[in-house]
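For the numbers below, each heavy atom of this structure counts, side chains included, while hydrogens, waters and symmetry mates do not. Residues: numbered from 1 along the sequence shown.
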Amino acid sequence: MTSPYVREITREEHLAHLRLHPDASHLQIPEWADVKPDWLAESVGWFEGEAMLATALVLYRPLPGTRRCLAYLPDGPAIDWRDPRPERLLDPLVAHLEKRGAFSVRIGPPVVVRHWDPETVTAGIADPDVRHVREVPAAGVDGFALDAGERLRGLGWRRCAQDEDSGFGLGQPRYGCHIPLTGRSVDELREALAPHFEQSLRTAESAGVRVSWGTAADLPDFYRLYAATAAHDGFRARPPVYFRRMWEAMNAEDSDRLRLYLAEYDGEVLSAALMINVGSRVWHSYAASGRRGRELRPSSALLWRMLCDARAAGAETYDLRSVNPSLGEDRLLGRLRFKTGAGGRVVEYLGEWERPVGLQGRVLQRALGVYLGRR
């Protein structure tokens, strides 16, 4: 049997492989490269002979003052992480990236290690002695995922520190929230709503809050709410051009890849969010709302409509994206209650891992750390 090797592939080859294996993250499709023009991008494939085994999107970011770069595979690569010898695919990847000038490789295996049922998380929030989701019993632990982490460590990879707010554009969340959709009816999804979420949804329905799809012309309304949410929650808002570029890039190959949902009352948009569709998963992204009309609970009506639409479209998982695992007093606790109230289970991913490349790899990794600390 020949050893696998990695080489650059065309966008068309990448898209063709994804049509056969559609369950990649939205951060691993070729369109995502067009959303990130400040990164250099390359589609790569793993081959045995002429047979393509897997594909990935690699983002390159130059380290200022050098000719070297960081190579980043967000939510990837989507290889078989249950394989007892991940080095068969990881080593040729690193070798290819070293030729491209990478001093460090950062990966984010799309693997869930643990998950917690929403009722358990709710009980943990109510217990003043519980400060973190890891302090309450998990509903499930994936031993294969734990083994994958140990194998990575044995191969010289190390877990990255969480630095998603560093400004360098790095880092996917370690904790997320999923709503399983497979085999569940609308009635079953409704019955799984927490009492506080059900009450909010009834308030919105009784008030006549209307949820509909938006178009590119509605992006300014979305952005107004998004900017207000950023100011309220204390995070740095992306510029409007980011979302215009995202709309155009994500819908270029598939016109239904990215949707905009709007919750309106009396002609005014009160809440909005983006839905990203890739394979069997839907991502709930950039949810936003203003202060006006909050008593009408438009965000609950918005999420419920999006959840039902995702189920009707055949999605298996509704991904509510990141949550803060802290269960103590925290400004983000309301977001956690909202997502678990909708029936979401908290998940812990294997996390992101990095490996230095070449003789100067560790030195340049430290230089990168210094650079990030100054931004």
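- Evaluated for a side chain to side chain contact (heavy atoms under 4.5 Å, CB included) with Y175, the options V347, V323, L336 yield exactly one hit, V323.
- Between F222 and Y226, the ring planes lie parallel to each other; the angle is under 30°, not in the 30° to 60° tilted range.
- Ion pairing between a basic and an acidic side chain is recognised when a charged N comes within 4.0 Å of a carboxylate O; D91 and R85 show no such pairing.
- With hydrogens and angles ignored, the 3.5 Å screen pairs no side-chain donor or acceptor of D75 with any backbone N or O of G108.
- Judged by distance alone, the side chain of D117 and the main-chain N or O of A139 form no donor-acceptor pair under 3.5 Å.
- Cation-pi contact between R335 and F338: absent, since separation from the ring centre below 6.0 Å together with deviation from the ring axis within 45° is not met.
- For the atom pair D127 CG and E135 CD, the distance stands at 9.0 Å (nearest 0.5 Å).
- Here the side chain of W116 pairs a donor or acceptor atom with the backbone of V133 at under 3.5 angstrom.
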For side-chain contact (heavy atoms from CB on, under 4.5 Å), just list the numbers for D83 and R88, CA-CA rounded to whole Å, side-chain angles, deciding distance to a tenth of an Å, and then say yes or no. CA-CA 9 Å; D83 189 329; R88 288 186 65 250; 4.1 Å; yes
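- Rounding to the nearest 0.5 Å places NE2 of H26 at 4.0 Å from CD1 of I276.
- Judged purely by atom type and a 3.5 angstrom limit, S326 has no side-chain atom pairing as donor or acceptor with the backbone of L333.
- To the nearest 0.5 angstrom, S300 atom OG is 10.0 Å from Q199 atom CD.
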Determine whether M306 and L302 satisfy the following criterion, side-chain contact (heavy atoms from CB on, under 4.5 Å), listing intermediate values before the conclusion. CA-CA 6 Å; M306 295 172 73; L302 184 81; 3.9 Å; yes
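- Ion pairing between a basic and an acidic side chain is recognised when a charged N comes within 4.0 Å of a carboxylate O; D319 and R281 show such pairing.
- Salt bridge annotation for E248-R244: absent, with no cationic side-chain nitrogen under 4.0 angstrom from a carboxylate oxygen.
- Counting heavy atoms from C-beta outward, D142 and R82 have side chains that approach closer than 4.5 Å.
- R190 forms a cation-pi arrangement with W304, by the criterion of a distance under 6.0 Å to the ring centre and an angle within 45° of the ring axis.
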Does E13 form a salt bridge (charged side-chain N to carboxylate O under 4.0 Å, His left out) with R7? I'd like the steps, not just the answer. CA-CA 12 Å; E13 288 177 304; R7 67 165 172 85; 3.8 Å; yes
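- Put simply, the side chain of R68 gets close to the backbone of G101: a donor and an acceptor are under 3.5 Å apart.
- At a cut-off of 3.5 Å, with distance as the only test, a side-chain donor of E352 or Y72 sits close to an acceptor on the other residue.
- Salt-bridge formation is not detected for the pair E253/R19: no Lys NZ or Arg NE/NH1/NH2 atom is positioned less than 4.0 Å from an Asp or Glu carboxylate oxygen.
- Between D218 and R224 there is no salt bridge, since none of the side-chain N atoms of the basic residue sits less than 4.0 Å from a carboxylate O of the acidic one.
- Under the 3.5 Å distance criterion, with hydrogens and angles disregarded, a donor-acceptor pair is assigned to the side chains of Y261 and R259.
- In this structure Y318 satisfies the side chain to side chain donor-acceptor pair (under 3.5 Å) test together with H284, sequence neighbours excluded.
- Classification of R292 and E268 as a salt-bridged pair holds, one side-chain N sitting under 4.0 Å from a carboxylate O.
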Can E348 and R134 be said to form a side-chain contact (heavy atoms from CB on, under 4.5 Å), step by step? CA-CA 9 Å; E348 179 191 358; R134 290 286 294 271; 3.1 Å; yes
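- Using modelled atom types, one finds no donor on one side chain facing an acceptor on the other under 3.5 Å when comparing Q28 with H14.
- For the pair S206 (side chain) and T203 (backbone), a donor-acceptor distance under 3.5 Å is absent.
- Rounding to the nearest 0.5 Å places CZ of R297 at 11.0 Å from NE2 of H196.
- Electrostatic pairing of E150 and R159 does not count as a salt bridge here, judged by no charged N lying under 4.0 Å from a carboxylate O.
- For T122 (side chain) and P118 (main-chain N/O), a donor-acceptor pair under 3.5 Å exists by modelled atom type.
- Distance alone, capped at 3.5 Å, is enough to place a donor-acceptor pair between the W81 side chain and the P77 backbone.
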With side-chain contact (heavy atoms from CB on, under 4.5 Å) as the criterion, how do E354 and L70 come out once you've worked through the C-alpha distance, each side chain's angles and the decisive distance to 0.1 Å? CA-CA 10 Å; E354 64 184 356; L70 168 73; 5.8 Å; no
